[in-house]
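Here is the structure we will look at.
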Amino acid sequence: MHPILRSADHLLRLFYPALCLACQDTLPQSNMQLCLDCQRKLPFTSLHENAKNLFTQRLYGRVPIQTGAACFYFVKGGRVQQIIHHLKYSHKPHIGFHWGKIYAKKIAQEAHFRTVDCIVPVPLHWKKERLRGYNQAASISRGLAEGLEKVHLPQALIRNIYANSQTQKGKIARLNNVEKAFSVAQKNVLTGKHILLVDDVMTSGATLEACALPILELPDTKVSMVTLAMAL
């Protein structure tokens, strides 16, 4: 870095220090997202190592998927909640891309993910995406697609209904909130493919289920799922 640019960067960091997304401590480097202590304490899962696991069990009997996994376990008030909050509400889509690319390295080692043909994010309604400025699920799926070297199809699904947030809803309310909320926009592209469906958090699985069902109506089509986090 040029000395003048380095001095300007140091001055900027003096007044606007980079903070850890999870604990808000000052970071030693501006390109870091988490301090070393928070990095060590992140609740990574090993769900991707087995085709059938806690993730797939949550959807058992509801929608037939090939496999599914989450990068982190989600605990209310924990570090992962802080990461996802910044991803969704602080205009920081690069957070999703970063962790998507990291998780891609892990799932790429597993045979049950290698047959994936393309990657599709759970869509936001166009009004909500316009308000937020981006789709947080698409930022995660873009990182996964780059890391896995797979086709990224952020426009393959459409959200038809402007639904309220799922955060405070129970299981039945979540199901009713997203029933028939999604449709396939690129049927010819998805037909006959193994699709990796991506979202930020899996709680009841209602949103993922509602997205998978219209996809699975296409001939010879399979679905697997990945989320950044999974609520326990």
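Only a predicted model underlies this, so the values are computations on that prediction, with no experimental measurement involved.
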Using a 3.5 Å cut-off and no angle test, enumerate the donor-acceptor pairs between side-chain atoms of residues 210-222 and protein atoms at least two apart in sequence or in another chain.
from, atom 1, to, atom 2, distance (Å)
Thr221, OG1, Gly192, N, 3.2
Thr221, OG1, Leu218, O, 3.3
Thr221, OG1, Pro219, O, 3.0

Looking only at heavy atoms, which two atoms of [X] and [Y] are closest? And how far apart?
{"X": "Cys20", "Y": "Leu27", "answer": "N-CG, 3.6 Å"}
{"X": "Pro121", "Y": "Leu153", "answer": "CD-O, 3.6 Å"}
{"X": "Thr56", "Y": "Ala51", "answer": "CG2-O, 3.5 Å"}
{"X": "Arg58", "Y": "Thr203", "answer": "NH1-O, 2.7 Å"}
{"X": "Met225", "Y": "Phe113", "answer": "O-CE2, 4.4 Å"}
{"X": "Cys23", "Y": "Cys35", "answer": "SG-SG, 3.7 Å"}

May I ask you to test the [X]-[Y] pair for a side-chain heavy-atom distance under 4.5 Å?
{"X": "Val120", "Y": "Val198", "result": "no"}
{"X": "Leu208", "Y": "Leu197", "result": "yes"}
{"X": "Ile158", "Y": "Pro123", "result": "no"}

Exam field: side chain [X] to backbone [Y], donor-acceptor pair closer than 3.5 Å:
{"X": "Thr45", "Y": "Leu47", "result": "yes"}
{"X": "Arg79", "Y": "Val75", "result": "no"}
{"X": "Arg132", "Y": "Lys88", "result": "yes"}
{"X": "Gln39", "Y": "Leu34", "result": "yes"}

When rounded to the nearest 0.5 angstrom, what distance separates [atom1] in [X] from [atom2] in [Y]?
{"X": "Ser183", "Y": "Leu157", "atom1": "OG", "atom2": "CG", "result": "7.5 Å"}
{"X": "Leu148", "Y": "Leu196", "atom1": "CG", "atom2": "CG", "result": "7.5 Å"}
{"X": "Cys38", "Y": "Asp25", "atom1": "SG", "atom2": "CG", "result": "7.0 Å"}
{"X": "His94", "Y": "Arg142", "atom1": "NE2", "atom2": "CZ", "result": "11.0 Å"}
{"X": "Phe72", "Y": "Gln81", "atom1": "CZ", "atom2": "CD", "result": "14.0 Å"}
{"X": "His98", "Y": "Leu228", "atom1": "NE2", "atom2": "CG", "result": "10.0 Å"}

Without hydrogens or angle criteria, can the side chains of [X] and [Y] be said to hold a donor-acceptor pair below 3.5 Å?
{"X": "Glu129", "Y": "Asn135", "result": "no"}
{"X": "Ser141", "Y": "His152", "result": "yes"}
{"X": "His194", "Y": "Ser224", "result": "yes"}
{"X": "Asp199", "Y": "Thr227", "result": "no"}

Under 3.5 Å, side-chain donor or acceptor atoms of residues 99-108 against the rest of the protein: list the pairs with distances, not counting sequence neighbours.
from, atom 1, to, atom 2, distance (Å)
Trp99, NE1, Gln33, OE1, 3.2
Lys101, NZ, Glu146, OE2, 2.7
Tyr103, OH, His48, ND1, 3.2
Tyr103, OH, Ala70, O, 3.0

- Task: Assign the ring pair Tyr162 / His125 to parallel, tilted or perpendicular, where the plane angle (0 to 90°) is split at 30° and 60°.
- Result: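 Aromatic pair Tyr162/His125 classed perpendicular.
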Report, as yes or no, whether the 6.0 Å neighbourhood of atom [atom1] on [X] holds more than 12 heavy atoms from other residues, nucleotides or ligands.
{"X": "Tyr60", "atom1": "OH", "answer": "no"}
{"X": "Glu149", "atom1": "CD", "answer": "no"}
{"X": "Gln155", "atom1": "CD", "answer": "no"}

- Take Leu54 and Leu232, measure what side chain to side chain contact (heavy atoms under 4.5 Å, CB included) needs, and give me the verdict at the end. CA-CA 10 Å; Leu54 189 63; Leu232 293 174; 4.3 Å; yes
- Short N-O contact, Lys150 and Asp117, less than 4.0 angstrom: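 The answer is no: the pair does not qualify as a salt bridge.
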Please determine whether residues [X] and [Y] belong to a single hydrophobic cluster, defined as Ile, Leu, Val, Met, Phe, Trp and Tyr linked transitively by side-chain heavy-atom distances below 4.5 Å.
{"X": "Val116", "Y": "Phe55", "value": "no"}
{"X": "Phe74", "Y": "Leu21", "value": "yes"}
{"X": "Phe182", "Y": "Val63", "value": "yes"}
{"X": "Leu144", "Y": "Phe97", "value": "no"}
{"X": "Ile65", "Y": "Ile195", "value": "yes"}

- Should Gln66 and His112 be marked as a side chain to side chain contact (heavy atoms under 4.5 Å, CB included) after you check the CA-CA gap, both sets of side-chain angles, and the distance that decides it? CA-CA 8 Å; Gln66 303 303 300; His112 40 276; over 6 Å; no
- Message: Run the side chain to side chain contact (heavy atoms under 4.5 Å, CB included) test on Met202 and Leu59 for me, step by step, so that the C-alpha distance in whole Å, both residues' side-chain angles and the decisive distance to 0.1 Å come before the verdict.
- Response: CA-CA 10 Å; Met202 194 256 218; Leu59 291 163; 4.0 Å; yes
